[in-house]
Amino acid sequence: GILPASTNGFVLTLDNTQPTGAKWAASSGGGTTLSPYIVGSTGSDFTDIQSAINQAVADGASSTDPKNIYIKPGIYNENLTLYDGINLIGFDPAPNTLPLAIGLFAVSNQSVQVTGSITYDSSSIAHSVEFRVYNIWITPPTGDVITLIGNPGLDQRFYFSCCRIDVNQTAQSVFNLTNSTVLVSDSVINDYSSGGAPLFTISGDNNFYGSRSLLTPYTTYIVPDGASHNIALIGCTYAAQVSTSGTSSYSFACYHSTHF
């Protein structure tokens, strides 16, 4: 059901009189504290995702003190700028315990939809950073879908789990990466462009790890001069190809994966 307004401090409490066996209630006794960053059109702390992100950052979000932002089903027409220690969690989980084909079908029908891009720039941050995105359908009409800029030599990781990521124009790339490490699991990447979209646009040194995911962009992507890229796929179905130019380099490892 719809969570009540001003949910800060509420807990999930066992209650056998409720159809779900639990209820959200004011803090008393045991339970799991509900995040103060609930996003939705009604009965929520915020009506847009970026406002919740900005508040979490103001409240001190970091990789050592992460803040969870929970998003109710709906369509959110906004481009998102993420920061260290931000976790976006859609209230529409596609269980990764399901068999792969069934789980990916559930991911393809996510009800938390962001019709915009995601950008993160940590190039000026001199410490390890990370953010996580769960259970969200990301589908911007134009531009690169996800742009991540890291700081060379630092541990800067970005996670996407149980997500659907759509590319809609040939000029788009799914991931525009600079000195970043990306981990994608139990997700679907769809190519709806007319001529094929690149899975990556990269510069610097990057790492991409895929697990139990479907990766459909099929245009050959080029590792540009002076850049390097490491790719590891485990239990994935993929269509991307790789080529290099100049002094570029890459490594590509597949385990229990299928190319089509």
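Worth saying up front: this structure is predicted, and the values here are computed from it rather than measured.
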Between the main-chain N or O of [Y] and the side-chain N or O of [X], is there a donor-acceptor pair closer than 3.5 Å?
X    : Y    : result
N179 : N151 : no
E78  : G116 : no
D45  : I38  : yes
S51  : I49  : no
S213 : D186 : yes
D144 : S173 : yes
S187 : C163 : yes
S122 : I149 : yes
N79  : S117 : yes

Report yes or no: do [X] and [Y] belong to one cluster of Ile/Leu/Val/Met/Phe/Trp/Tyr joined by side chain heavy-atom distances under 4.5 Å?
X    : Y    : result
V57  : Y76  : yes
L177 : Y83  : yes
V133 : L183 : no

Residue pair [X] / [Y]: nearest heavy atoms and the distance that separates them:
X    : Y    : answer
Q169 : T142 : NE2-CG2, 3.5 Å
G235 : S257 : N-OG, 3.3 Å
A61  : G85  : CB-O, 4.0 Å
T47  : S41  : CG2-O, 4.4 Å
K72  : S44  : NZ-OG, 3.0 Å

(request) Check the pair V114 / L88 against side chain to side chain contact (heavy atoms under 4.5 Å, CB included), numbers first and verdict last. (result) CA-CA 11 Å; V114 175; L88 299 183; over 6 Å; no
(request) Look at the rings of Y120 and F158 and say which category their plane angle falls in: under 30° parallel, 30 to 60° tilted, over 60° perpendicular. (result)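 Rings of Y120 and F158: tilted, as their planes differ by 30° to 60°.
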Find out whether [X] and [Y] are in side-chain contact, i.e. whether some heavy atom of one side chain is under 4.5 Å from a heavy atom of the other.
X    : Y    : answer
Q172 : P140 : yes
F200 : V182 : no
I53  : L82  : yes
N135 : V112 : no

Rounded to the nearest 0.5 Å, what separation is found between the [atom1] atom of [X] and the [atom2] atom of [Y]?
X    : Y    : atom1 : atom2 : result
I86  : F131 : CD1   : CZ    : 10.5 Å
Y159 : N87  : OH    : CG    : 10.5 Å
Y209 : I231 : OH    : CD1   : 11.0 Å
Q50  : T81  : CD    : OG1   : 5.0 Å
T181 : D205 : OG1   : CG    : 9.5 Å
L215 : L233 : CG    : CG    : 6.0 Å

Between [Y] and [X], do the side chains contain a donor N or O and an acceptor N or O under 3.5 Å apart?
X    : Y    : value
N168 : T139 : yes
T115 : N77  : yes
T178 : S203 : yes

(message) Run the salt bridge (charged side-chain N to carboxylate O under 4.0 Å, His left out) test against D65 and tell me which residues pass, sequence neighbours left out.
(response)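 K67.
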(request) Start with the C-alpha gap between T119 and T147, add the side-chain angles, then the distance that decides, and say whether side chain to side chain donor-acceptor pair (under 3.5 Å) holds. (result) CA-CA 5 Å; T119 301; T147 298; 4.7 Å; no
(message) If we check side chain to side chain contact (heavy atoms under 4.5 Å, CB included) with F175, which of these qualifies: I189, T201, I202?
(response)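 Among I189, T201, I202, the one meeting side chain to side chain contact (heavy atoms under 4.5 Å, CB included) with F175 is I189.
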(message) Around atom CZ of R157, are there more than 12 heavy atoms from other residues, nucleotides or ligands closer than 6.0 Å?
(response)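 No - once you tally the heavy atoms of other residues, nucleotides and ligands closer than 6.0 Å, there are 12 at most.
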